[in-house]
S.K.: 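Got a structure for you, questions after.
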Amino acid sequence: MSAVHATATEMFTEVATADVEAAGLAIAAAVVVLGAVLRIRGDRAGATIFSALGYAFAVLVLALAVHSNGWLTGADAAVAQWFVDHRSHALSEWATAVTTAGGPAETAALGLVVAVIQVWRTKRYGPALVMLVTVGSASMLCAILKLIVGRERPPQSIQLMVETDASFPSGHVTGTAALLMMLALMAGARRSKAVRTLLLGIAVAVTVVVACTRMYLGVHWLTDVCAGALLAACAVTLGGYVLHRLDEPTVTESTPPRLLVNQIPL
């Protein structure tokens with residue numbers, strides 16, 4: 001009877017955890033969708049708040065799942081093994097090159113170079129500063145979460161490049177996604193919707209490639225890279241809103257001088 005009771009308790013705990021985690025992700029997705037609806041309706045401030053909250057809540061749900069070895073981590077081992085089973089010498093060299101290019105130091109250097117070029121070309125410091133603050137904030141939050149969650153890396157037996165610091169979330173994915181998406185927003189400012197969508201699509205595609213290389217090399221779990229992408233999305237949502245406000249025409253730019261004179265109260 002005691003064995004039956006222990007088994008039933010364990011099964012109930014797993015089901016309850018799965019329900020809670022699934023409900024948490026559903027709430028996060030609903031909040032993000034609400035942000036998208038508000039954006040369509042023209043409420044950019046409300047859209048930014050709800051979208052950022054949705055992404056942040058999703059990261060929190062993943063962090064809790066990782067901390068408790070919950071239902072959402074169930075696919076981590078299987079995905080890691082799939083990448084191990086599909087390794088080859090050529091892919092390993094390519095993955096190492098990609099992940100090295102997307103490292104924290106390389107990302108910071110690229111961000112600084114782009115910021116300098118942006119200021120030199122446009123004579124405006126605002127967009128470059130927003131980009132740097134956004135990427136820096138995302139990386140800082142990533143480092144804090146690593147310390148709080150303290151998740152271990154995958155076993156060194158499957159690592160092609162040894163890394164021993166905390167695993168959750170992925171710093172490579174966080175930094176790369178934040179930088180590339182901010183660059184896409186900056187490059188797509190005042191361009192057509194098709195161009196903006198294309199640039200964001202390229203940024204997302206490169207982020208997915210970096211995430212796959214981290215799992216291929218055996219240094220991150222699936223939930224690590226997902227959390228890194230969501231964390232970057234949260235930071236970029238806020239940074240993109242600031243960029244939008246900076247690009248908004250001022251009253252003197254958008255209103256003809258004659259009309260301004262007529263608006264002066266007498």
Side-chain angles (χ1 to χ4, degrees), residues 28 31-32 35-36 38-39 44-60 62-63 101-148 168-191 195-211 224-248:
V31 174
V32 172
L38 291 176
R39 183 181 298 273
R44 196 173 187 93
T48 299
I49 293 173
F50 280 99
S51 296
L53 285 176
Y55 292 130
F57 191 69
V59 174
L60 177 61
L62 285 177
E106 290 75 12
T107 300
L110 178 59
L112 288 173
V113 170
V114 172
V116 170
I117 295 176
Q118 173 76 8
V119 172
W120 176 69
R121 290 187 60 185
T122 64
K123 310 304 180 184
R124 298 176 61 201
Y125 291 89
L129 182 60
V130 171
M131 178 196 68
L132 293 177
V133 170
T134 301
V135 177
S137 299
S139 300
M140 185 179 300
L141 288 173
C142 178
I144 293 173
L145 281 175
K146 281 179 178 288
L147 294 175
I148 294 175
F168 180 93
S170 170
H172 278 67
V173 174
T174 301
T176 300
L179 176 61
L180 292 182
M181 286 193 287
M182 287 301 294
L183 292 180
L185 292 178
M186 293 169 62
R190 301 184 181 181
R191 296 182 183 272
V195 172
R196 295 196 303 269
T197 302
L198 175 62
L199 293 174
L200 284 174
I202 294 174
V204 171
V206 175
T207 300
V208 171
V209 170
V210 172
D224 298 339
V225 298
C226 290
L230 290 169
L231 183 59
C234 177
V236 171
T237 298
L238 298 173
Y241 175 74
V242 178
L243 280 179
H244 175 74
R245 294 300 301 270
L246 290 177
D247 285 335
E248 282 183 340

S.K.: Give the minimum heavy-atom separation between Thr134 and Ala235, together with the two atoms involved.
M.R.: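 In terms of heavy atoms, the two residues are closest at CG2-O, 3.4 Å.
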S.K.: Among Val135, Leu243, Leu185, Leu180, exactly one meets side chain to side chain contact (heavy atoms under 4.5 Å, CB included) together with Val236. Which residue is that?
M.R.: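 Option passing the side chain to side chain contact (heavy atoms under 4.5 Å, CB included) with Val236: Leu185.
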S.K.: Atom CD in Gln118, atom CE in Met186: separation rounded to 0.5 Å?
M.R.: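 If I round to the nearest 0.5 Å, the distance is 3.5 Å.
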S.K.: Do you know which two heavy atoms are closest between Thr237 and Ala52, and how far apart they sit?
M.R.: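 Heavy-atom minimum between the residues: CG2-N, 4.0 Å.
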S.K.: I need the Leu112 CG to Ile117 CD1 distance, nearest 0.5 Å.
M.R.: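 Leu112 atom CG to Ile117 atom CD1 measures 11.0 Å (nearest 0.5 Å).
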S.K.: Rounded to the nearest 0.5 Å, how far does CE of Met181 lie from CG of Leu183?
M.R.: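 That separation rounds to 11.0 Å.
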S.K.: Once rounded to the nearest 0.5 Å, what's the spacing between atom CG of Leu231 and atom CZ of Phe168?
M.R.: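 Leu231 CG to Phe168 CZ: 9.0 Å, rounded to 0.5 Å.
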S.K.: Measure the spacing between OH of Tyr241 and CZ of Arg39 and express it to the nearest 0.5 Å.
M.R.: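 One finds 10.5 Å between OH of Tyr241 and CZ of Arg39.
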S.K.: Which heavy atom of Phe50 sits nearest a heavy atom of Leu38, and at what distance?
M.R.: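 Heavy-atom minimum between the residues: CD1-CD1, 3.5 Å.
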S.K.: Can you find a pair of side-chain heavy atoms, one from Thr176 and one from Thr107, that are under 4.5 Å apart?
M.R.: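 Touching, per the 4.5 Å side-chain cut-off.
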S.K.: At their closest point, which heavy atom of Ala178 faces which heavy atom of Ala138, and how far apart are they?
M.R.: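 Nearest heavy atoms, Ala178 then Ala138: CB-CB, 4.1 Å.
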S.K.: For the residue pair Val59 and Pro169, establish whether any side-chain heavy-atom pair is separated by less than 4.5 Å.
M.R.: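 No, side chains not in contact.
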S.K.: Please give me the minimum heavy-atom distance between Cys142 and Gly171, naming the atom from each residue.
M.R.: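 In this case the closest contact between Cys142 and Gly171 is SG-CA, 3.6 Å.
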S.K.: Quick check: do Arg124 and Leu246 have side-chain heavy atoms less than 4.5 Å from each other?
M.R.: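 With C-beta onward as the side chain, the pair touches.
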S.K.: What closest approach, in Å, do Tyr125 and Val119 show between heavy atoms, and which atom pair accounts for it?
M.R.: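 Distance-wise, the nearest heavy atoms are CE2-CG1, 3.5 Å.
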S.K.: Report the distance from atom CG of Asp224 to atom CG of Leu145, rounding to the nearest 0.5 Å.
M.R.: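 One finds 11.5 Å between CG of Asp224 and CG of Leu145.
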S.K.: List the atom pairs, with distances to 0.1 Å, where a side-chain N or O of residues 196-209 and a protein N or O form a donor-acceptor pair under 3.5 Å, not counting sequence neighbours.
M.R.:
unit_1, atom_1, unit_2, atom_2, d
Arg196, NH1, Arg191, O, 2.5
Thr197, OG1, Lys193, O, 2.8
Thr207, OG1, Ala203, O, 2.8

